[in-house]
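Since the structure comes first, as structure tokens, the remarks are kept for the end.
When reading the values below, keep in mind they use all heavy atoms of this one structure, side chains included, and skip hydrogens, waters and symmetry mates.
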Amino acid sequence: MRDWARLISAWVFALGLVLGTVVLLRDMPERLAASWKGVAAALPVILIAAALVAGIIVLLDRSHAQVRSAWGLAFAWGAIGACGLALQINGFASDAVLDVLDDPGATTWSAALIGPLDEETIKGAGVALLLVMYRDRVRRPMQVFAVGAFAGLGFQVVENVSYAVTFALRDAQSDVAGALTVSILRAVFGFQSHWVYTGLFAVGLILLRSRAALGLLGIALAYLLHFWWNAPSGENPAIVLLLLVLKCAVTVGVLAGAWVWMLFEQRRWLAGAIRTPEAAQLAPPQELAALPTRAQRRNAQQYMRFYYGPAVADVTRQRQNWLLRELTYRVG
């Protein structure tokens, strides 16, 4: 049954990528061709910002059981599957909002009403499929957050390219100026957007079965933070700037709180995992006792370095990382 679930999830995941590719190939090439100078100028800014975010995600994952193939598939889902499907659904949803609201209300609130609902749901659906596909390897909240964050990062990169295209075509003076301006602004103020939302959504998904309240909180935060980011800020430039800074600060604060919780949850889990029969099969008790915290692991490495030399300390570090991975896979 578990193999069937993986197989079905993989096929649905692949189908989503195919559908997303079809929509992107239908809608993007013509617009890219019309604004290629602006996009070419903005692309380095977009890619550098994405690389910095990717580095942050990697640093935040302290599980020592990273599954890079899941990261790559998550990024692909965000960039291709989620972006393509959201682009199609956003068009239908925008028409529906226009039918319900008057024109000023629709143009002001449509992004806040539509974007969070369908974009977070589509990104989260892809992450859920990946969690089924990697259910024996991606099991801890920190691991899950990283997978969700890479899905959000993929979406963020393609969305930034789309904004560069749009503002290049809007700027009457220069495609390059329009694309560069919006790309720099989004790199500075929007760096903490989609990857944080989808990371929180992913953690919420994995917690639903064991701690439903926390799981619902993670998912709700993804929707609410996205809604608040998209909500209109008025027309006064000073208020718009103040709200942008406030939104960034709140999102970063939520991320910091979630990361601290995940860090202590990882330590709590490790303290129990080293006492299990599975752990006893991997290493002696004194070696396992040094695993729960980073400080304990470093102390063990320094002890080995002092008495046996740097080479033994390096082997100790590698073995600790191996034990952390094996405990994740076997005890999880």
Side-chain angles (χ1 to χ4, degrees), residues 2 50-75 127 130-131 133-151 153 195-196 199-200 202-203 206-207 210-211 214 252 255-332:
R2 290 162 65 95
L52 291 173
V53 170
I56 293 171
I57 297 170
V58 173
L59 289 174
L60 290 177
D61 185 356
R62 295 279 194 84
S63 68
H64 295 280
Q66 295 87 351
V67 184
R68 288 175 174 79
S69 59
W71 292 356
L73 287 174
F75 186 91
V127 172
L130 283 172
L131 294 180
M133 293 160 60
Y134 285 89
R135 64 192 306 168
D136 292 336
R137 299 178 64 192
V138 179
R139 310 179 71 178
R140 304 303 311 150
M142 278 190 168
Q143 293 178 292
V144 173
F145 178 86
V147 172
F150 272 106
L153 179 59
W195 67 275
V196 178
L200 293 172
V203 174
I206 202 173
L207 290 174
S210 58
R211 280 170 279 188
L214 274 178
V252 171
L255 172 63
W259 184 78
V260 169
W261 176 85
M262 288 187 287
L263 183 63
F264 280 99
E265 175 65 15
Q266 179 73 2
R267 291 178 179 177
R268 184 198 65 77
W269 169 77
L270 269 174
I274 61 175
R275 296 182 176 87
T276 61
E278 292 84 355
Q281 296 174 358
L282 295 173
Q286 61 270 26
E287 187 176 11
L288 293 169
L291 292 179
T293 69
R294 190 179 184 184
Q296 288 174 306
R297 295 193 292 273
R298 283 187 171 180
N299 287 340
Q301 294 167 26
Q302 290 171 359
Y303 177 88
M304 290 299 182
R305 180 176 290 107
F306 181 81
Y307 284 101
Y308 303 105
V312 176
D314 190 52
V315 171
T316 300
R317 179 185 58 79
Q318 294 175 13
R319 181 165 169 79
Q320 288 173 343
N321 291 340
W322 177 80
L323 285 170
L324 290 169
R325 285 194 298 272
E326 288 300 311
L327 285 172
T328 300
Y329 301 155
R330 299 188 188 196
V331 181

Considering all heavy atoms, the nearest L200-A258 contact:
CD2-CB, 3.8 Å
Yes or no on side chain to side chain contact (heavy atoms under 4.5 Å, CB included) for E278 and L327, after CA distance, side-chain angles and deciding distance?
CA-CA 8 Å; E278 292 84 355; L327 285 172; 5.7 Å; no
Please output the side-chain donor-acceptor pairs of residues 57-64 that fall under 3.5 Å, not counting sequence neighbours, one pair per line with the distance.
unit_1 : atom_1 : unit_2 : atom_2 : d
D61    : OD1    : S63    : N      : 3.0
D61    : OD1    : S63    : OG     : 2.7
S63    : OG     : A65    : N      : 3.2
H64    : ND1    : N321   : OD1    : 3.3

Are the side chain of R140 and the backbone N or O of Q266 linked by a donor-acceptor pair below 3.5 Å?
no
Looking only at heavy atoms, which two atoms of V127 and A202 are closest? And how far apart?
CG1-CB, 3.6 Å
CH2-CG distance between W261 and L214, expressed to the nearest 0.5 angstrom
5.5 Å
By salt bridge (Lys or Arg N to Asp or Glu O under 4.0 Å), which residues pair with R211, not counting sequence neighbours?
E265
Side-chain polar contacts of residues 282-292 - donor-acceptor pairs under 3.5 angstrom, sequence neighbours left out - could you list them?
unit_1 : atom_1 : unit_2 : atom_2 : d
E287   : OE1    : R319   : NE     : 3.1
E287   : OE1    : R319   : NH2    : 3.3
E287   : OE2    : R319   : NE     : 2.5

When rounded to the nearest 0.5 Å, the distance separating OG1 of T328 from CE of M142 is 11.5 Å
Within this structure, what is the CG-CD distance for the pair L131 and Q143, rounded to the nearest 0.5 Å?
10.0 Å
In this structure, CH2 of W195 is separated from CZ of F145 (nearest 0.5 Å) by 5.5 Å
With sequence neighbours left out, the residues meeting salt bridge (Lys or Arg N to Asp or Glu O under 4.0 Å) with R317 are D314
Out of curiosity, Q296 CD to R294 CZ, how far, rounded to the nearest 0.5 Å?
13.5 Å
Is the cationic atom of R267 (NZ for Lys, CZ for Arg) positioned less than 6.0 Å from the six-membered ring centroid of F264 and within 45 degrees of its normal?
yes
Going by the side-chain contact (heavy atoms from CB on, under 4.5 Å) test, name the single residue among L323, L324, T293 that passes it with L270.
L324
If I compare all heavy atoms of R139 with all of Y329, which pair ends up nearest, and what's the gap?
NH1-O, 2.6 Å
Listed partners of Y307 passing ring pair (Phe, Tyr, Trp, His ring centres under 6.0 Å), at least two apart:
Y303
Dump the intermediate steps for side chain to side chain contact (heavy atoms under 4.5 Å, CB included) on M133 and V138, then the final yes or no.
CA-CA 9 Å; M133 293 160 60; V138 179; over 6 Å; no
Start with the C-alpha distance between W269 and V331, add both sets of side-chain angles, then the distance that settles side chain to side chain contact (heavy atoms under 4.5 Å, CB included), and finish with yes or no.
CA-CA 9 Å; W269 169 77; V331 181; 4.1 Å; yes
Please assess T316 against Y308 for the test side-chain hydrogen bond (donor to acceptor under 3.5 Å, both in side chains), listing each intermediate value before the final yes or no.
CA-CA 11 Å; T316 300; Y308 303 105; over 6 Å; no
Considering all heavy atoms of both residues, which atom of A313 and which atom of Q301 are nearest to each other, and what is their separation?
CB-O, 3.4 Å
Hey, what's the ring geometry for F150 with W71, parallel, tilted or perpendicular (30° and 60° as the breaks)?
parallel
Is there a side-chain contact between V315 and M304, using heavy atoms and a 4.5 Å cut-off?
no
Partner residues of R330 under the salt bridge (Lys or Arg N to Asp or Glu O under 4.0 Å) criterion, sequence neighbours left out
E326
